[in-house]
Structures are given as C-alpha cells and as structure tokens.
Amino acid sequence: MSENLIGYIDNLGNIIDTQSADENIEAQAIEYDNSPEALEIIRHSTAHLMAQAITELYTNAKFFVGPTVDEGFYYDFKVDEKIGEEDLKKIEKKMKELIKKKYKIEKYEITKEEAIEKFTNDDLKQAVLTRIPDEVVFIYKQGDFEDLCQGPHVPALRFLHNFKLTRVAGAYLGGDETKEMLTRIYGIAFADKESLKDYIKMMEEAKKRDHRKIGAEMELFMFNEESGAGLPFWMPKGSRLRYKLENILHKAHRKRGYEPVRGPEILKADMWRTSGHYACYGENMYLTTIDEQEYGIKPMNCIGHIQIFKQSGKSYRDLPLKYYEYGVVHRHEKSGVLHGLLRVREFTQDDAHIFCTPEQIASEVIDIVEFVDSVMKLFGFEYSMEVATKPQKAIGDDDVWELATQGLKDALNENNLPFTIDEGGGAFYGPKIDIKITDAIGRKWQCGTVQVDFNLPERFNVEYVGEDNDRHTPVMIHRAILGSFERFIGILTEHYAGEFPLFIAPTQIIFVPISESHVAYAKELKNQLIDLDIDCEIFDKNDSLNKRIRTAEKQRVPYVVIVGDEEVENNSVAIRDRRAKEQYNLSFDEFMVKLSQQLNEGKI
RNA sequence: GCCCAUAUGGCUCAGGGGUAGAGCACUUCCUUGGUAAGGAAGAGGUCGUGAGUUCAAGUCUCACUAUGGGCUCCA
C-alpha cells in the first residue's frame, strides 16, 4: 500500500476511505494531493481535527455537522463560551499539537440504537441521528475523540498539515431560522503548503478588489449612518459611471424595440392587494398612510407598466409590447444581510415587461437571453443560468405553473444553453430564469432574471383584442439584465478592480499640464472631449509635476495626458496609456479617433 | 431578524481610567518643474449615539445605531 494512499474512488464516483475499503478492493486509488477527491477527504478530516481541538479546549462542546463545502469545510457546534476571531489561533495551535500525537483515524460500526444511547446527553448528535435513515451508523475515532460520521477520512492525522481556520460565524441548526443558533467555524485545507499560501494570497488579492474599498477610494458611492442602512448615495464619480452604463443600455433597449416608460414610486395599497404583493411580499414592503389611505412604496415596477399598457386598447398587432424603466424600488431586507452595493434596501432595476401571446413566449425568452449574453460579453463576465420553480408562497394554478416552467426550459434547451434547476426558488407569480454572476471572491450573485407571468395580467384584467376579434389575456414576461445598477456596478467594480474600460470609466482622461501656461490648452481639449461625452479632469494643483503624474496614475483612469510647450505647439498630446502600459505621442485629432473607436466597444 | 466581532480627525491606523497622536488628504506660502511623492507653515477630533460605574470614562458596563463575517432570503 502506497504511503500516500488516502482512499479510493469506485466506478460510481463514490469516495471510499481506507478505513472502509476491504483488502481486495479494486477501485482507483486516491493519492494524497490536491485532486477534488483528495481535498474532500483531507478537508473533512481537518474539520474533525478541529472538532477534537475544540473538545479539548472547551470541555462542554457539542457538535452538529461538519461537512466540506466549495471553499473548504466548516463545523457547527455549541459551547458555553463566546468564540471570536481571536480564538481561531488558539484552536489552530491545539490542532497542531494534536497532529504531533500521530493518532490513527479508526472507524467502527454500531447500530443506530446504540448511537442514540451513546450520545444520550448530546442533543445535537440526537438531532443528527434523526436525519439519518440507516439502521447502522459509523463512529470515527482519533485518540480519545469519537464522532458520529460517515467519512471519508484520511488514515491518520499525519496527512493534515496545511490548513487555516478562516472565520467564525453563527448558523442556525440545520439552516432553519426557527431553530437555535450554533457557532460555525470555517476553514480551508490543502495537500501542500504552497497551495495554502496561494489560496491565502488569492483571498488577499480579492480583498483588494472589494467594491466597498474601491468604491470609497474612487469616491463612487457612500453610505451614511444617520440616513439609514442599505441606502446608497451616489457620489459624482459613481454617478458618471452609472450615467454611462444607463446610456449604453438605453440605446441597446431602443435597438431591440423596447419603449421607455416610468411609473410612480408609491401606489395605493389596494394595487398591491390586487397584485398579490401585499399578501406574498408584504413583509418586505414599506407602507405609509396618506390622507387616511394606505399606500405602498413599490418593491417592483410591474404594476406601473400594467397601468400604462391598460391606458389604451391593445390589439394582437401591438404584441409583443416591450416597456422598460430604470425603476427605483425599495425592499425591506433584513439588517443582517445588507452588504455594500450588493444588497441594499433601495436600488434601481433595469426592469422591463414584455406583453405577448403565449405563442410568443419562447422567441421572446430567446431574444432576452441573447440580450443578456451580449451585455455579459461586453464586460467579459462568466455567468450561469438557473431555472427556478414554484415556491411555497405562490399564486396561480399548478398547471399554469407547469406550462410556464416548461416554456422556460424549452427555450433554453432548444438553444443548447446549459442551466441548473432551483427547486422552489421562483417568484410568487411565476417561474424564472436567474442569471448569476460571480464576484471577486467567488460568491455568486443573482443579477439578471427572466420571469414568465400568467397571473398578474389576469389579476389586473389586462386584455388585447385577438385576430378572432375576441378579448384575450396576454402573458407578461418580467426581465432585468443587470438586475440592479447597484449590484451590477458593485460586481463590475470588483471584476475590473476599479480599472473600468474607457466606455464606462468615471474619469476617462486626466490632463496634467506641465506648468500654468499649459492649463488653457488642457481646458480647450477638455471642452472638445465633453462633446464626445468623455469625462476629463485637469490636475493643475500647485504640486510638482512628478507628484501630479503619480496622483493621476493612481486614479485608475484609462489615459493620463501630459501637455507642455511641445504639445501646445503641435496640437498634440503625450499619452500614458493604462491599457498599453506605455507612453506615446499623438496629434489631438488622432487621439480623438482613438477615443471614438474605444467608445464604440461599448455599443451592443 | 439571529450569532460573533468592530466603531479614535476626510482616509489608513497607533494609544488606552487622569480630558488625544502619526502618515496620507486638506489650506497657505515658496518652488514653474518634461513623466510615479520638492520644501515650509497651518487648520481639523467633546475618540459612533445615549445612559451607568468612578473623585475622574475614548479607555470599564449596558442599550441603541452603523459596519464587517456568517445563517436565512433575494436584484
């Protein structure tokens, strides 16, 4: 047996650890390395090692479950003391001490009844046992420490060296909000020291890209304690960026046959009763009373668009009819989930509603998915799609839900677009396709969404006259591509680490005049560039030239342009190009052509 | 909302029961410089808010607010 053997993988893909394998096993060996299977075993064992360390440090510790996750492992447990970040070092130290004892990890089998008896004083283990259907369970043992577990584990503690406990958090027992809160410690582990180092370095790099940090540095947006949590302020530079993004998208919508509309921010509560929001979404809505009438601040824009549709009679010839709005919505998110621009209480959706016939759904969904793809490609985003099905709180008949859900799947399947299923994740009025983008540290965020809705049009008596001269109810497709400007710009900031491409950069060019006599020339160029919708700044402060160049370079702008006697004389510019990472001279006209070309990259 | 942690000038941070420090940024002056920090002087904080303990609280305790890491939910 190889010294580096830590388990086997059978032809069904199951991992079998050395403790479980019989002598004549003919499965493929798993060596001690960074393969996904090896890491699964190593990380799970590290979770157990952590539990053992915690047991020694906190004698009253009780453990729930300790699985591996995408990014390492965690263990949920309960102790009488409070555990903070400080304690992680202490636990790590104890883990390293335990490794030196060179315990073997052994496995034995007992019946479930014996297990219930064995852990009779441990309510958490009892909770785990109720979740196990089998009659036989397994105990893994290292030194004095025993834990109920199905494995897999490494053969001995000597395989566990390169780990780090990353954070401490609270987690509900079994993820159930009504149950007690346990302590959760997350950690990561690898087969070699280098990989662990690389991982730690990567996390540090990711932290540098955090949109909250960059947003503050670049003065894009801010929050204010006195004004309230989750309510972002857009500072001048953030607004410039946002304006450009709005503009690009505005044109893209017009090209695709969408009409701009705008509804009120606040509507009578009865509207929300009709829509079903009051019943299904009420706890997330902000309500107020005006002249003894209850009103609700809109959490979604659909109602407004429906009223506009209904304002005049519509024929089948008008369909599909596409309305879009940069709709400001308010949603009462729980205080604990607010997160920079990625989760706020007021945000602006790039929202659109398509009124169409049931026959038009498939082609409309395809068009939307194409639109989504062109936006994602523009920014170089990787994204994934998920079809979300009927949630518990929902309105409408089951068969209508079934039809709409199948429609979405068909549209994706017909175009060979890969997707996963999010069971029960749909909106209360219909199924949806969610488009998810990954942020700098690998968290996935829902951005775009496509939702088919048979319910709202019926509730609001939306109608059109068909070819047969009868009245019919149209289908409504709700869709957003960015999702919200807030979240999208947050992710965009991390994606580019603040170095936005020219077509959306908040400041596109900084002019550095060599001396005061060149400021007039810089101003002249700046004014010409404003006509191209290009935002420029002139760094003419009373600082040394070197200092001003340094400051300008640190602003993450695409171009820093130096102008002095030579440039004034030749009507030219000396360019420091972020993209090319080099310096060169161009005539101003050539520069204008270059800029126009680069602005064109932002067209979709 | 729940668990844990944090809160000191615009920003990054030091200090710590006897009424506050640094660097950057800011202001003024000198310097007018050809590609990443020229020099000097100055201004700015009742140490998140409110209570309590104490002769004395930025410092200890509690509550609240906000932020961070999670749970749950979601764009």
Side-chain angles (χ1 to χ4, degrees), chain A residues 74 76 78 81-88 166-186 207 210 212-213 216-217 219 222-231 281 283-284 299-300 327 329 331-344 347-351 388 391 422 425 427 432 434-437 443 445-449 451 478-488 490-491 512-519 540-554 560-567 574-576 583:
Chain A
Y74 68 80
D76 282 351
K78 197 161 69 172
E81 296 84 352
K82 283 184 178 180
I83 294 192
E85 302 277 342
E86 301 281 297
D87 300 307
L88 295 185
T166 48
R167 49 186 173 249
V168 50
Y172 294 108
L173 195 152
D176 184 342
E177 214 175 344
T178 62
K179 298 276 169 50
E180 68 180 304
M181 175 74 64
L182 306 175
T183 303
R184 172 175 296 181
I185 295 181
Y186 283 92
K207 260 189 196 163
D210 191 313
R212 292 166 300 192
K213 183 175 150 66
E217 275 172 22
E219 299 180 315
M222 55 175 255
F223 292 91
N224 177 262
E225 186 178 337
E226 279 98 63
S227 308
L231 304 170
Y281 203 74
E283 57 193 26
N284 281 307
M300 297 174 189
V329 296
R331 300 183 183 177
H332 184 76
E333 301 291 349
K334 290 175 185 171
S335 58
V337 305
L338 301 174
H339 182 96
L341 282 184
L342 300 184
R343 182 67 74 69
V344 289
F347 55 99
T348 307
Q349 296 179 302
D350 60 324
D351 206 2
D422 176 14
K432 57 179 184 171
D434 283 333
I435 292 106
K436 304 204 172 193
I437 316 183
R443 284 183 293 216
W445 294 90
Q446 184 182 326
C447 290
T449 182
Q451 311 179 353
H478 309 244
R479 56 109 279 208
I481 292 175
L482 309 183
S484 73
F485 284 92
E486 285 73 11
R487 180 173 290 179
F488 194 79
I491 297 174
V512 181
I514 287 179
S515 75
E516 222 168 308
S517 59
H518 312 116
V519 173
D540 58 352
K541 228 186 78 176
N542 184 15
D543 273 329
S544 68
L545 178 65
N546 281 355
K547 178 68 180 286
R548 285 180 292 136
I549 288 171
R550 178 183 149 86
T551 316
E553 277 292 336
K554 285 176 75 179
V560 174
V561 171
I562 319 291
V563 289
D565 284 337
E566 242 174 75
E567 285 73 24
I575 297 163
R576 295 175 69 110
Q583 302 169 23

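All values reported here derive from a predicted model rather than from experimental measurement. Reminder, nothing fancy here: chain letters follow the sequence lines and each chain counts from 1.
B:G17 has its base anti relative to the sugar, with a glycosidic angle deviating from 0 by more than 90°.
Within the structure, every side-chain polar atom (N or O) of A:K213 is placed at least 4.0 Å from both OP1 and OP2 of B:C11. Listed pair A:T449 / B:A75 fails the phosphate criterion, with no side-chain N or O lying under 4.0 Å from OP1 or OP2. Close to B:U67, at under 4.0 Å from its OP1 or OP2, lies no side-chain N or O of A:R212. The side chain of A:K334 places no N or O atom within less than 4.0 Å of a non-bridging phosphate oxygen (OP1 or OP2) of B:C73. Between B:G69 and A:H339, a contact under 4.0 Å exists linking OP1 or OP2 to a side-chain N or O. OP1 or OP2 of B:C71 has at least one side-chain nitrogen or oxygen of A:Y186 nearer than 4.0 Å.
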List every contact pair, protein side and nucleotides 36-42 of chain B side both N or O, where the distance is under 3.5 Å.
| residue | atom | partner | partner atom | Å |
| --- | --- | --- | --- | --- |
| B:A36 | N7 | A:R576 | NH2 | 3.0 |
| B:A37 | N7 | A:R550 | NH1 | 3.4 |
| B:A37 | N7 | A:R550 | NH2 | 3.3 |
| B:A37 | N6 | A:R550 | NH2 | 2.5 |
| B:A37 | N1 | A:R550 | NH2 | 3.1 |
| B:G38 | OP1 | A:S544 | OG | 3.2 |
| B:G38 | OP2 | A:S544 | OG | 2.7 |

Under 3.5 Å between N/O atoms: give me all the protein pairs with nucleotides 62-64 of chain B, atom names plus distance.
none

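For the ring-ring contact (aromatic ring centres under 6.0 Å, His included) test, residues two or more places apart in sequence or in another chain that qualify with A:Y74 are A:Y186. The ring-ring contact (aromatic ring centres under 6.0 Å, His included) test applied to A:Y281 returns no partner, not counting sequence neighbours. With sequence neighbours excluded, no residue forms a side-chain hydrogen bond (donor to acceptor under 3.5 Å, both in side chains) with A:N542.
No hydrogens or angles were tested; on distance alone, nothing pairs the side chain of A:E226 with the base of B:G48 as donor and acceptor under 3.5 Å. A donor N or O paired with an acceptor N or O is not found under 3.5 Å between the base of B:C4 and the side-chain atoms of A:R184.
Looking only at distances, no side-chain donor or acceptor of A:D434 sits under 3.5 Å from a matching main-chain atom of A:Q446.
Secondary-structure annotation of RNA chain B gives the stems B:1-7 with B:65-71, B:10-13 with B:21-24, B:26-30 with B:38-42, B:48-52 with B:60-64, with a stem taken as at least 3 successive Watson-Crick or G-U pairs whose two distances both fall under 3.5 Å.
For A:D176 and A:K179, the salt-bridge test passes: some basic side-chain N is under 4.0 Å from an acidic carboxylate O.
An aromatic stacking contact between A:W445 and the base of B:A75 is absent, as defined here by ring centres under 5.5 Å apart and ring planes under 30° from parallel.
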